Amino acid sequence: MSSVLFDVPGPKARARYRAVAVVSTLVLAGLIGWVLWILYQNDQFTEAKWQPFTDAAVLRNLAQGLLLTLRAAAVAILLAMVFGAVFAAGRLSDHRWLSWPSALVVEFFRAVPLILLILFLFLLVGGTLGRFWCLVLGLMLYNGAVLAEIFRAGVTAVPRGQSEAAYAIGLRKGQVMRMILAPQAVSAMLPAIISQCVVALKDTTLGIIISTEDVINTARLIYNDFRYNNAIIVGLMLAVVFIIINYSLSKLAVYVERRLASRGERAVDHSQIASV
Amino acid sequence: MINFGALGEMLPSILDGFWLTLRLLAYSAVIATVLGTLLATMRVSPIAVLRGFGTSYVNIFRNTPLVVLFIIIVTGGPQVVGRTEFTTLATVALSLYTAAFVCEGLRSGVNTVPTGQAEAARSIGMGFTQTLTIVVLPQAFRAVIPPLASVYIALAKNTSVAAAFGVAELTYRMRSLNEQFPQEAVTRFSGIVLFYVIIVAVISGIAQILERRLAVSR
């Protein structure tokens, strides 16, 4: 690997790198081994802890929970896009009576912790909406607010000459947005939108506070069972599933961004709009 | 909508929660910053093993939901390390999770330093450590402020996940005050949200001041 931070190593530096590499490998391997050893010492790798994963009924319940998790995330992100588009348009409006309230709503839902919002919605309207829709509603409000900022950044990033030319040929404000700005903004926003899907999927697990019947709840039924009592193992299995899904989505976002770059377009920087 | 009388009655409890939230935030922020800086250094270092470790750490912890991390560490932890306070375990989970984002924030800041700077440092004979500590990092510091501020704001909001795991911080009061004030959901929510808004405002305010102070002209 070449980097501007260091030179191509000569013979002396190579020897030094090798020494550091050996030492750090030993330290890191020791660290990982130590954690595994402690887990082993405390009976985390006994058959009983892993037994539920051999039970077809348990696995089926987990799969059903995962499906519900995915569905909640998908429904929420679709609704959030509508919410985001409406409030981004509101915030970009020239009318203050429209742009100020939109900005207030967007900033509010970005500042409130999502788990608190979900709990509040549940205590307020949980009786009529049910747990699933309280979760989806919370996810929609938060991710919608973030998406509104992404959409706004995308539209603002379109070169000014574009809208000026559109006005010059006599298009109206609505037409400029619909026909000129929005189509050009969409491609720049795509990587950011995919990254936001990862956030939404991770945040679906916050349903734990209102016990939605998602994969976390199924997992909780397993590790709270006194026969298993295996929160670490169940947690690790959940982590593996989420990492596989989210890592693929992140890679997709990077791929889309690279393709944009190769066409000479710039993607919207997502990192500072979305919190984690 | 908001019952100010009831708000006054629940304020002591909310303030207790606020104090615990602040403590979670402060401890986790410090640990995550140290760990994240270490990881960021690993990710740009010439040693392949360290780069690989740094990259894997970030990919693993960034793609795991915080709730799952809490299940492993806060719920499962006591089986391994013996009886430990939930607050301590929650701090560990929050720190490990946030370190990955601190690492990425630092890296994106370091990337904004023009390559000519590092090239110039190398051409006058500086090694990796010197280039990084004398030339690149001091310049990266300012560029790092906005991404790090948003990481800390996210951390402040993420401390609320601890409420689902028996830590009596700010969000926990939403439910614990439900018995005493069942009719006042909106009041409770507003009172609690106010304190989160204060934290978020303070962090972004500090970031703005620092950014202005450290402004460099290029």
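Proteins come first, then strands; the chains are lettered A, B, ... in the order of their sequence lines, and each starts at number 1. Keep in mind the model is a prediction, meaning the values are calculated, not measured.
- Within the 3.5 Å criterion, the main-chain N or O of T69(A) finds no donor-acceptor partner in the side chain of D214(A).
- Interface remark: I209(A) contributes backbone and side-chain atoms alike to the contact with chain B (heavy atom separation under 4.5 Å).
- Using a 4.5 Å cut-off between heavy atoms, F70(B) makes no contact with chain A at all.
- Residue V198(A) touches chain B through its side chain alone, counting heavy-atom pairs closer than 4.5 Å.
- A side chain to side chain contact (heavy atoms under 4.5 Å, CB included) with W133(A) is found for exactly one of L129(A), L137(A), L135(A), namely L129(A).
- Looking at L236(A), both its backbone and its side chain come within 4.5 Å of chain B, counting heavy atoms on both sides.
- Residue with the most contacts toward chain B among V241(A), L124(A), L116(A), I38(A): L116(A) (heavy-atom pairs, distance under 4.5 Å).
- Proximity to chain B is limited to the side chain of S250(A), based on heavy atoms less than 4.5 angstrom apart.
- Residue V161(B) touches chain A through both its backbone and its side chain, counting heavy-atom pairs closer than 4.5 Å.
- In this structure, chain B has heavy atoms under 4.5 Å from both the backbone and the side chain of L117(A).
- Proximity to chain B (any heavy atom under 4.5 Å) is shown, for L206(A), by both the backbone and the side chain.
- Between T33(B) and Y152(B), the side chains place a donor N or O and an acceptor N or O closer than 3.5 Å (distance only, hydrogens not considered).
- One finds a salt bridge joining E149(A) and R110(A) here, because a Lys/Arg side-chain nitrogen approaches an Asp/Glu carboxylate oxygen to under 4.0 Å.
- Salt-bridge annotation for R23(B) and E169(B): absent, with no side-chain N of the basic residue lying under 4.0 Å from a carboxylate O of the acidic one.
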